[in-house]
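Here the structure is laid out as structure tokens; the discussion comes afterwards.
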Amino acid sequence: MIKGIKGVKDILPEETPRWRFIEDSARRWALCYGYQEIRIPIFELTVLFARSIGSATDIVEKEMYTFSDRDGSSVTLRPEGTAGTVRAFIEHNRVADPRPQKYFYIGPMFRHERPQAGRLRQFHQFGVESFGTADSRADVEVIALLWRLLSDLGLPNLTLEINSLGSSGDRAAYTPLLRSFLSQQESRLCGNCRRRMETNPLRVLDCKVPDCRAATESAPRLTDHLSPEALAHFDQVLAGLVAVGVSYRLNPRLVRGLDYYCLTSFEITSAHLGAQNAVAAGGRYDGLVEMLGGPSVPAVGFAVGLERVSLMLPRASSSSSNEWLYYVAAFGKIGTKLGLVLLDELRRMGLAAQCDYRATTLKTHLRQADRSNCRYAILLGDDEARRGSIILRNLESKVQEELPLAGLSTLLKTRTPPS
Ligand code: ATP
Ligand code: MG
């Protein structure tokens with residue numbers, strides 16, 4: 001037997017209503033905040049991710065699914081959505097459009113990681129990107145959208161953590177201070193962090209290993225070394241969040257793994273998720289469009305991990321009941337023939353209907369009707385066929401009524417309450 005790949009999951013029909021519920025909510029909130037859907041490719045040239053995400057990040061160092069295409073070019077399954085969105089933004093010269101360029105995407109991402117609860121090799125993200133302004137109101141907008149969505153989904157125990165990474169100049173001035181502090185603590189750091197000390201010292205602050213956390217407790221803080229402009233921007237973002245009623249916790253250690261972030265950086269965590277406690281993360285990336293060969297265009301965005309949302313989603317919020325309205329129980333010689341036509345008529349009217357073609361008796365049809373999640377069964381045997389009628393049975397109350405077969409779908413259409 002051929003099995004699926006480790007860390008790559010099937011989403012079975014019992015689970016898809018839950019996923020649709022999450023995706024529909026995400027789309028609704030994004031549109032409500034003025035974001036339009038973009039669909040970017042699943043794979044891109046490797047250089048796009050290597051250059052934008054940064055070579056000294058977990059993703060580029062060890063998580064990308066990279067292979068050579070038949071023409072020898074190196075391509076990679078997208079590990080995240082920002083790089084592709086920015087590439088599309090540049091390639092289609094969207095900067096020339098005078099309207100605000102605000103996009104959202106939903107879809108699968110691929111990272112080679114050790115699979116565990118909430119950490120997969122193929123997973124799904126919903127993300128937004130707002131291009132064109134460094135105004136702090138854009139930061140507040142994306143954070144508020146994210147917060148409203150996750151709250152609306154009823155996710156428990158959410159915390160918004162926020163930090164400022166300053167400008168690239170601020171970070172350039174701060175990095176040597178941090179590096180010299182870290183070199184004094186070197187013996188207490190994990191192997192990974194010793195290496196990162198050179199390549200990406202900011203990431204050491206983000207290490208989850210308890211010894212590393214303890215060793216960096218009194219590390220110099222980037223927020224103490226922000227330029228007046230960066231500080232003012234941060235203050236405006238925080239004031240905006242207060243104004244719209246989104247509460248936050250300052251976290252000076254929050255640095256994010258991707259090189260392209262600057263200024264605002266944030267994460268939403270939940271105590272419910274255990275070790276994989278981040279549900280969503282984002283921030284500002286004013287330098288990325290230019291770095292990828294486009295004009296200088298500031299931008300801010302986030303990405304939510306939908307598997308983690310699904311893990312936290314209260315059970316009751318999406319149910320799969322009543323996916324179909326009518327079960328057509330057609331049996332007997334004439335009944336079966338008329339049933340075929342009736343089923344199609346109902347569907348053409350837009351009334352969701354189904355039938356199990358394996359059932360040939362009333363008894364087996366009724367059993368399948370009960371299993372089907374339909375609200376009504378339409379009983380049509382040879383007796384009914386001869387009388388030119390059907391029996392409409394409410395599958396919950398078991399109340400039955402006899403109705404004429406001619407014009408039935410039109411009659412039912414007018415009786416169906418709008419859903
Ligand atoms: P983590 O610290 O958990 O590895 P990350 O910093 O790599 O997260 P981002 O690149 O910021 O994550 O992605 C945003 C969100 O996507 C995460 O908060 C998480 O919910 C989700 N995510 C990231 N990697 C995975 C994965 N392998 N499986 C499932 N969800 C993931
Ligand atoms: Mg990761």
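Just the heavy atoms: all of them, side chains too, but no hydrogens, waters or symmetry mates, feed the values below. Order of appearance sets the numbers: ligands from 1, and atoms from 1 within every ligand.
- Contact atoms of ligand 1 toward L120: 26 (C), 27 (N), 28 (N), 29 (C) (distance under 4.0 Å to a heavy atom of the residue).
- Backbone and side-chain nitrogen or oxygen atoms of A278 are examined, and one is located within less than 3.5 angstrom of a nitrogen or oxygen of ligand 1.
- Inter-residue side-chain proximity for T364 and Q368 is flagged as unmet; no heavy-atom pair is nearer than 4.5 Å.
- Numbered from 1 in the order shown, with element, the atoms of ligand 1 that lie under 4.0 Å from a heavy atom of E113 read 24 (N), 25 (C), 26 (C), 27 (N).
- When side chains are defined from C-beta on, I38 does not count as touching F104, because their heavy atoms never get closer than 4.5 Å.
- Atom CZ of R194 is surrounded by more than 12 heavy atoms from other residues, nucleotides or ligands within 6.0 Å.
- Residue V304 has no N or O atom closer than 3.5 Å to an N or O atom of ligand 1.
- Near A281, meaning under 4.0 Å from one of its heavy atoms, ligand 1 places the atoms 11 (O).
- Ion pair R284/D139 flagged as a salt bridge, since at least one NZ, NE, NH1 or NH2 atom sits closer than 4.0 Å to an Asp/Glu carboxylate oxygen.
- Residue-to-ligand polar distances keep E307 apart from ligand 1: every N/O pair is separated by 3.5 Å or more.
- Shown in contact with G118 at under 4.0 Å from a heavy atom are these atoms of ligand 1, numbered in order with element: 28 (N), 29 (C), 30 (N).
- Under the 4.0 angstrom criterion for non-hydrogen atoms, E80 is not in contact with ligand 1.
- Side-chain atoms of R18 come within 3.5 Å of backbone N or O of L313 as a donor-acceptor pair.
- Between V279 and ligand 1, at least one N/O pair is under 3.5 Å apart.
- Side-chain atoms of R78 do not come within 3.5 Å of backbone N or O of A83 as any donor-acceptor pair.
- A side-chain donor-acceptor contact under 3.5 Å links S151 to the backbone of W147.
- Of the candidates Q125, Q116, R111, R111 brings a heavy atom nearest to atom 7 (O) of ligand 1.
- Contacts of E267 with ligand 1, taken as heavy-atom pairs under 4.0 Å, are absent altogether.
- Proximity of the aromatic rings of F89 and F131 is defined here by a centroid distance below 6.0 angstrom, and this criterion is met.
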